[in-house]
Amino acid sequence: MIHERGASMIEILGVITIAGMMTAAAIGMYNVIRNNQMRKIAFSTVEELARNTEMLMGMRGDYTGVSVQYLVEAGALANANAPIGGDDWSVTAINEGVGFSINLTELSQGECEYFSVNVPQLVTRVIINNVESTAGTTPNCFSTNTNNVSFVIE
């Protein structure tokens, strides 16, 4: 009787299938971890931006003229890149210069929901897609990457 050594084709396909499933799961977990980390970094950046803007312009009690470009030139912001979302984000004065808002654009539904629950320090109100978000309510987030979130500091 001849004894063959090695694996059959079915055994090899089984090993390849298991390896493929493990790889897909690992990539999925990597994406979840990466997205959570990006949100935390953006949260810290918004919090730092609010604090720096408050220190830079709060003494005079007027936020008129505040913008991303102004904050970069004054050293309150490292660069003009959006912390998360689209590139057309902004920092603008509101209520005739009494306060300011940090406006993030083109956020995913997950990012929008994250910022509806996690609010940086100094922020007095959060406006999601032009609707003020209140604690305990379902956020007004869209399922597409078209969400806009404004952090209002007054």
Side-chain angles (χ1 to χ4, degrees), residues 6-58 63 66-95 99-154:
S8 70
M9 183 63 84
I10 293 176
E11 291 171 331
I12 292 173
L13 287 174
V15 169
I16 290 173
T17 302
I18 291 170
M21 290 181 349
M22 290 175 64
T23 301
I27 290 172
M29 285 302 299
Y30 170 78
N31 286 335
V32 167
I33 292 168
R34 182 178 171 272
N35 287 340
N36 285 339
Q37 192 64 26
M38 292 295 292
R39 291 175 188 155
K40 288 178 183 175
I41 291 169
F43 177 87
S44 295
T45 302
V46 168
E47 197 169 59
E48 180 181 0
L49 176 58
R51 191 172 39 256
N52 289 348
T53 305
E54 182 76 21
M55 284 192 305
L56 178 67
M57 301 186 78
Y63 295 96
V66 68
S67 68
V68 172
Q69 190 61 36
Y70 175 80
L71 294 171
V72 169
E73 290 171 2
L77 187 59
N79 57 52
N81 297 336
I84 198 167
D87 289 333
D88 57 341
W89 73 296
S90 63
V91 178
T92 56
I94 59 167
N95 297 335
F100 65 98
S101 66
I102 301 168
N103 312 298
L104 302 177
T105 61
E106 299 176 23
L107 299 177
S108 69
Q109 182 177 7
E111 292 163 347
C112 177
E113 290 171 352
Y114 177 84
F115 285 117
S116 69
V117 175
N118 300 293
V119 179
Q121 290 181 352
L122 301 177
V123 171
T124 55
R125 295 184 293 141
V126 178
I127 300 172
I128 299 173
N129 297 321
N130 298 321
V131 176
E132 189 167 342
S133 178
T134 56
T137 61
T138 305
N140 186 35
C141 298
F142 305 133
S143 60
T144 59
N145 289 354
T146 58
N147 294 291
N148 298 317
V149 175
S150 295
F151 300 103
V152 178
I153 296 93
E154 295 177 299

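The first residue of the sequence shown is numbered 1, and numbering continues consecutively from there.
Between the CD1 atom of Ile18 and the OG1 atom of Thr23 there is a distance of 11.5 Å, given to the nearest 0.5 Å. Rounded to the nearest 0.5 Å, atoms CZ (Phe142) and CG (Asn148) are 8.0 Å apart. In this structure, CD1 on Ile10 lies 11.5 Å from OG1 on Thr17, to the nearest 0.5 angstrom. The CD1 atom of Ile153 lies 7.5 Å from the OG1 atom of Thr53; values are rounded to the nearest 0.5 Å. Here CG of Asn140 is found 11.0 Å from CD of Glu113. Values are rounded to the nearest 0.5 Å. Atom CD1 of Ile94 is separated from atom OG of Ser150 by 9.0 Å, given to the nearest 0.5 angstrom.
Between Ala50 and Gln121 the shortest heavy-atom distance is CB-O, 4.4 Å. Asn147 approaches Thr144 most closely through the heavy-atom pair ND2-O, 3.1 Å. Nearest approach of Cys112 to Leu107, heavy atoms of both residues: N-CB, 4.4 Å. Residues Pro120 and Val46 share a closest heavy-atom pair of CG-CG1, 3.7 Å.
The aromatic rings of Phe100 and Tyr63 are tilted relative to each other, their planes meeting at an angle between 30° and 60°.
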Show your working on side-chain contact (heavy atoms from CB on, under 4.5 Å) between Phe151 and Leu104 and close with a plain yes or no. CA-CA 8 Å; Phe151 300 103; Leu104 302 177; 3.8 Å; yes

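For the pair Glu111 and Val149, the minimum side-chain heavy-atom distance is 4.5 Å or more. The side-chain heavy atoms of Val15 and Glu11, taken from C-beta on, include no pair separated by under 4.5 Å.
A 6.0 Å sphere centred on CG of Asn31 holds more than 12 heavy atoms belonging to other residues, nucleotides or ligands. Applying the 6.0 Å contact sphere to CE of Met55 captures more than 12 heavy atoms from other residues, nucleotides or ligands. More than 12 heavy atoms of other residues, nucleotides or ligands shown are found within 6.0 angstrom of CD on Glu132.
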Would you tabulate the side-chain donor-acceptor contacts of residues 67-85 under 3.5 Å, counting partners in other chains and residues two or more places apart, or write 'none'?
| residue | atom | partner | partner atom | Å |
| --- | --- | --- | --- | --- |
| Ser67 | OG | Tyr70 | N | 3.1 |
| Gln69 | NE2 | Glu73 | OE2 | 3.2 |
| Asn79 | OD1 | Asn81 | N | 3.0 |

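No donor-acceptor pair closer than 3.5 Å links the side chain of Glu154 to the backbone N or O of Gly99.
In summary, the side chains of Ser90 and Thr92 do not present any donor paired with an acceptor at a separation below 3.5 Å, with no hydrogens or angles considered.
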